[in-house]
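Shown next, in structure tokens, is the structure this report addresses.
Worth knowing before you read on, the calculation uses all heavy atoms, side chains too, and leaves out hydrogens, waters and symmetry mates. Labels below follow one simple rule: chain letters A, B, ... track the order of the sequence lines, proteins then strands, and each chain is numbered from 1.
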There are 2 protein chains.
Amino acid sequence: MNIGELAKRTGLSSSRIRFYERAGLLTTVDRGPNGYRTYPPQAVLVLTLITTAQNAGFSLEEIRRLLPSDLERWQHDGLLEALRRKVADIEALEARLAENKAQLVSLIADIEAKPDDIDCATNARRVLSRVVGQETESHLEGAGDIKPTGKASRRWQTKAG
Amino acid sequence: MNIGELAKRTGLSSSRIRFYERAGLLTTVDRGPNGYRTYPPQAVLVLTLITTAQNAGFSLEEIRRLLPSDLERWQHDGLLEALRRKVADIEALEARLAENKAQLVSLIADIEAKPDDIDCATNARRVLSRVVGQETESHLEGAGDIKPTGKASRRWQTKAG
DNA sequence: CATAACCTTTGAGTTAAGTTTAAGGTCAAG
DNA sequence: CTTGACCTTAAACTTAACTCAAAGGTTATG
């Protein structure tokens, strides 16, 4: 199959497929006598696997290290470990999110519990000072950012739509 | 407070703080007669909110759109609405995370459930075909990636450590 | 045989979220 | 009055994961 066909079947752009090849992620590629790339049907699997892993939060570099040249003989020990690490990452973030959410929720409760005899501005100050106190205790100052597994984890964002 | 002090208190680099100002995220800044930036104590809170939101998966652009309406109205009474929006955002993110995690967990289970009597290569094929089946349904072909909150979500990766 | 639709390579551009560098002004201490 | 720590700006650099453009070769179709 040519690159256009593969692109169609995977939903990826041809340039992206070439890029993956250049990056050492897609090795199951041959050349026809005309110089055209020719792919076995298996390439669809490989590309699917790559995008799946990406969706799960793996960088291409991580994927490159996990993907065996021979799909049939991948080392699933390393793979399993990596998958579990990723799950742990997600769990850490979940805990963190839950914490943030609980904070917000209790903030809301705090605001709603505003004594009737103080004005809005004073209440705002009361609430804000509470937030600052919380934040500096739990999140700031280098101590525990997320990074449960590896180096820095700071990529997973909606594109600010 | 000067920028160095603010940096120390938030754990961020000065360059990053200046960058956030340039990006329109940090507006609570004044200039001394020497040209130095001068921050009110509140700036610590703003930066804390920014990094917290980042950790929760928001892009700076999203944060920029949320912040001014948030913090400047925090003095007035749109506060509750803003907080509730934030909680809703967090819940959306939690859903996103849960989805990703579920995918990983089921993949792990699938790999581990390898019957004792088949070899590694066969297991690989079995798992792979499952992944492909899943993916073409749920992720591939432009259709519906995760995006609970915004547009495209494809950033959340460890740095391939 | 023309022409559109493929394919090739190389190299440059893009975006996000910063960091680094260069060249300089300011301030507190000794 | 010099030294070092701090601050300023503008501009360039960084990384990941691509995309785009240019300039050209190939192939299928009318």
* Asked: Once you round it to whole Å, what is the distance between P of D:dA11 and CZ of B:F19?
  -> 16 Å

* Only pairs at least two apart or in different chains count here, so list each salt bridge (Lys or Arg N to Asp or Glu O under 4.0 Å) that has a residue in residues 35-54 of chain A. => A:E21-A:R37

* Residues A:E61 and A:R64 bridged, charged N to O under 4.0 Å -> yes

* side-chain N/O A:Y20 vs D:dC18 OP1/OP2, d < 4.0 Å -> yes

* Structure fact -> Hits for side-chain contact (heavy atoms from CB on, under 4.5 Å) against B:P41, two or more places apart or cross-chain, chain-then-number order -> none

N/O contacts under 3.5 Å, protein versus nucleotides 3-6 of chain C?
residue : atom : partner : partner atom : Å
C:dC6   : O2   : A:Y36   : OH           : 3.4

* Structure fact -> Contacts satisfying salt bridge (Lys or Arg N to Asp or Glu O under 4.0 Å) that involve residues 41-51 of chain A (not counting sequence neighbours) are none

* To do: Determine the contact category for A:S13: base if any of its heavy atoms lies under 4.0 Å from a base atom, sugar-phosphate if only primed atoms, P, OP1 or OP2 are that close, otherwise nothing.
  => sugar-phosphate

* To do: Side chain of B:S15 only, please: which of D:dT9, C:dC27, C:dT20 is the nearest?
  => C:dT20

* Structure fact -> By salt bridge (Lys or Arg N to Asp or Glu O under 4.0 Å), A:R18 pairs with (sequence neighbours left out) none

* Asked: Across the strands shown, which category fits B:R37 at heavy-atom distances under 4.0 angstrom: base, sugar-phosphate, nothing?
  -> sugar-phosphate

* To do: Could you pull out all residues at least two apart from B:Y39 that satisfy side-chain hydrogen bond (donor to acceptor under 3.5 Å, both in side chains)?
  => none

